[in-house]
Visitor: 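Let me begin by handing over the structure; questions about it come next.
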Amino acid sequence: MNFALALLQTFRPAPMGPYIMVILGLAVVGFCLWLLFRFIPMEQPIKMIIIAVVVLILIVWLLRSFGMF
């Protein structure tokens, strides 16, 4: 009985809070980029620079949120 309880406590699923926050954060950033590119006309090189900067910021944010950086 004690072994089964210890096994269940060891393999308890992680809380979903941090994962939901990451998904919501990515969705908000994507929606903001869509609004920016949809309603503000700009040249293609400027769009590529904005996308590159946002992707780098998101990578650092994701690494920090999962404790890898």
Side-chain angles (χ1 to χ4, degrees):
M1 180 78 172
N2 290 336
F3 177 73
L5 287 175
L7 192 63
L8 285 175
Q9 289 176 351
T10 303
F11 294 109
R12 184 179 305 168
M16 292 302 293
Y19 300 115
I20 292 173
M21 292 303 294
V22 167
I23 291 170
L24 286 176
L26 292 174
V28 167
V29 170
F31 182 71
C32 290
L33 281 176
W34 176 78
L35 284 176
L36 178 73
F37 294 147
R38 174 85 168 108
F39 295 111
I40 299 176
M42 61 182 77
E43 297 290 325
Q44 188 66 25
I46 296 173
K47 284 184 183 182
M48 296 304 290
I49 292 171
I50 291 173
I51 290 173
V53 169
V54 169
V55 166
L56 287 174
I57 291 171
L58 283 175
I59 288 172
V60 170
W61 177 68
L62 286 171
L63 288 174
R64 289 185 63 136
S65 66
F66 288 112
M68 295 181 197
F69 182 66

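Since the structure is predicted, the reported quantities are computational estimates derived from the model, not experimental observations.
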Visitor: Could you tabulate the donor-acceptor pairs under 3.5 Å formed by side-chain atoms of residues 25-44, not counting sequence neighbours?
Guide:
none

Visitor: Does I59 belong to the same Ile/Leu/Val/Met/Phe/Trp/Tyr cluster as I51, with side-chain heavy atoms less than 4.5 Å apart forming each link?
Guide: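 Yes, one cluster joins them.
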Visitor: So if you build clusters from Ile, Leu, Val, Met, Phe, Trp, Tyr with side-chain heavy-atom gaps below 4.5 Å, do V60 and I57 land together?
Guide: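 In one cluster: no.
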Visitor: How far does CD1 of I50 sit from NZ of K47, to the nearest 0.5 angstrom?
Guide: 9.0 Å
Visitor: Please list, one pair per line, the donor and acceptor atoms closer than 3.5 Å that link side chains of residues 62-69 to other protein atoms, with sequence neighbours excluded.
Guide:
| unit_1 | atom_1 | unit_2 | atom_2 | d |
| --- | --- | --- | --- | --- |
| S65 | OG | W61 | O | 3.3 |
| S65 | OG | L62 | O | 2.9 |

